[in-house]
Q: 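My structure is below; once you've seen it, I'll send some questions.
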Amino acid sequence: MKQTRRTLLAGMLLSAFAMVGCGQKADTPAKSAASAPAPATMEKVYTVGSDASYAPFEFQNEKNEVVGFDVEVLSAAAAKGGFKLKFVNTPWEGIFAGLQQGDRDILASAITITEERKQTMSFSDPYFEARQLIAVAKGVSDVKSFQDLKSKKIAVQTGTTGDEVVKKLLGKTSPNIKRFENMPLALKELESGGVDAAVGDNGVVINYVKNNPQHGITTVEDAKSFAPEFYGFPVKKGNQELLDKVNAGIKAIKADGTYEQIFNKYFGTK
Ligand code: ARG
């Protein structure tokens, strides 16, 4: 089941790791009967789930590899913490279930640490501060603040903190909230005039507007209406051993300047 989701390209080498990982648990006899390489050299590779439609935090490059700010931060932390990672593009919709079921060991997906999510997963220390940002059509929109969206049609990515804030303003069941499985789709709906605004994480909205200048979108900031949000890397609830490794890695890259280097690469100096 895990195998079918992998790209062919990444598959060959990586599935070899995964199969050995399963073999250790499930079929020791088969393994000992076949080739038995020194187990001491077999290091655990943690599978990281990222919804790679979220540039600049996680997206796919031309080679279909998952890249971005989150990938570099977690990879640098892993290098310091002495553990190995494999990033797998994982749709947002099933990302938390994948962690719960053990298909993913860590999530790196610009995930805001919330009280509600803390009930079902364990978060690393925060690694990035974000805020919601409003996107509207350039030149024609009269929206100046979040309150102005009360009677408008708004696009969000389903189940995100953007969805949460808009739900609070318009009411949970409002037909004016249009939900999309990823953020680019929500922003495209705005471009095509299907909604009056889109609400999402500032870094992603800014990045999209910057890279699509011909699409006539602009942003409306409303720092008073939106609380600061902090991204963390969740692991399965209670996986303290992995959490400790991730946190030690984050601490180390913050202390030695690596984090700052990565931050500046993606967001310029503060
Ligand atoms: N920060 C927001 C949240 O946690 C949005 C994250 C969406 N991430 C993604 N890769 N699609 O709800």
Side-chain angles (χ1 to χ4, degrees), residues 5 47-61 64-75 85 87-100 103-104 106-135 146 154-169 172 177-190 197-209 211 219 221-223 225-235 237 263 266-267:
R5 290 201 205 129
T47 304
V48 186
S50 304
D51 168 24
S53 64
Y54 218 64
F57 297 97
E58 42 271 335
F59 56 102
Q60 283 184 298
N61 64 13
N64 281 339
E65 295 158 337
V66 181
V67 295
F69 176 76
D70 289 352
V71 178
E72 290 196 36
V73 169
L74 188 57
S75 298
L85 305 174
F87 287 84
V88 181
N89 189 10
T90 307
W92 179 252
E93 201 193 349
I95 207 163
F96 295 123
L99 187 68
Q100 193 84 38
D103 288 340
R104 303 288 180 268
I106 314 174
L107 303 179
S109 209
I111 297 172
T112 301
I113 303 169
T114 69
E115 284 310 314
E116 197 190 341
R117 288 174 182 163
K118 280 203 278 189
Q119 309 299 310
T120 53
M121 59 197 97
S122 297
F123 278 93
S124 73
D125 294 336
Y127 66 89
F128 190 82
E129 183 177 338
R131 215 182 266 270
Q132 294 304 305
L133 186 63
I134 304 163
F146 188 47
I154 309 165
V156 296
Q157 182 180 15
T158 312
T160 57
T161 45
D163 190 353
E164 287 301 317
V165 294
V166 170
K167 254 195 311 212
K168 275 206 194 107
L169 184 73
K172 224 188 185 124
I177 308 174
K178 286 213 185 183
R179 298 191 168 88
F180 295 87
E181 63 190 66
N182 63 47
M183 204 54 206
L185 284 177
L187 291 161
K188 290 213 166 72
E189 185 73 6
L190 172 62
V199 175
D201 290 8
N202 50 355
V204 174
V205 173
I206 288 167
N207 184 78
Y208 187 91
V209 169
N211 290 316
T219 57
E221 241 178 271
D222 186 352
S225 297
F226 303 121
E229 299 183 19
F230 297 92
Y231 295 168
F233 302 111
V235 301
K237 194 167 168 74
F263 184 96
Y266 281 87
F267 305 104

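Atoms within each ligand, like the ligands themselves, are counted from 1 in listed order. Positions are given from 1 along the sequence. Just so you know, these numbers use all the heavy atoms, side chains as well, and skip hydrogens, waters and symmetry mates.
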Q: Output a table of donor-acceptor pairs, distance under 3.5 Å, between side-chain atoms of residues 108-116 and any protein atom two or more places apart or on a different chain; print 'none' if there are none.
A:
{"residue": "S109", "atom": "OG", "partner": "D51", "partner atom": "N", "Å": "3.0"}
{"residue": "T112", "atom": "OG1", "partner": "E229", "partner atom": "OE1", "Å": "2.7"}
{"residue": "T114", "atom": "OG1", "partner": "R117", "partner atom": "N", "Å": "3.0"}
{"residue": "E115", "atom": "OE2", "partner": "K118", "partner atom": "NZ", "Å": "3.2"}

Q: Does a donor on one side chain sit under 3.5 Å from an acceptor on the other, for T161 and Q132?
A: yes

Q: Which residues pass the salt bridge (charged side-chain N to carboxylate O under 4.0 Å, His left out) test with K178, not counting sequence neighbours?
A: E189

Q: Could you tell me whether the side chain of T160 and the main chain of D163 form a donor-acceptor pair under 3.5 Å?
A: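 Checked: pair present.
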
Q: Please identify which of these residues, N182, D201, D70, meets the side-chain hydrogen bond (donor to acceptor under 3.5 Å, both in side chains) condition with Y54.
A: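 Of the listed options, the one satisfying the test is D201.
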
Q: Name all residues meeting the salt bridge (charged side-chain N to carboxylate O under 4.0 Å, His left out) criterion together with E181; count only those two or more places apart in sequence or in a different chain, and write none if there are none.
A: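 If we apply the salt bridge (charged side-chain N to carboxylate O under 4.0 Å, His left out) test to E181, skipping adjacent residues, there are no hits.
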
Q: Near ligand 1, which residues have a heavy atom under 4.0 Å away from one of its atoms?
A: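 Within 4.0 Å of ligand 1, protein side: D51, Y54, E58, W92, S109, A110, I111, T112, R117, Q157, T160, T161, D201, Y231.
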
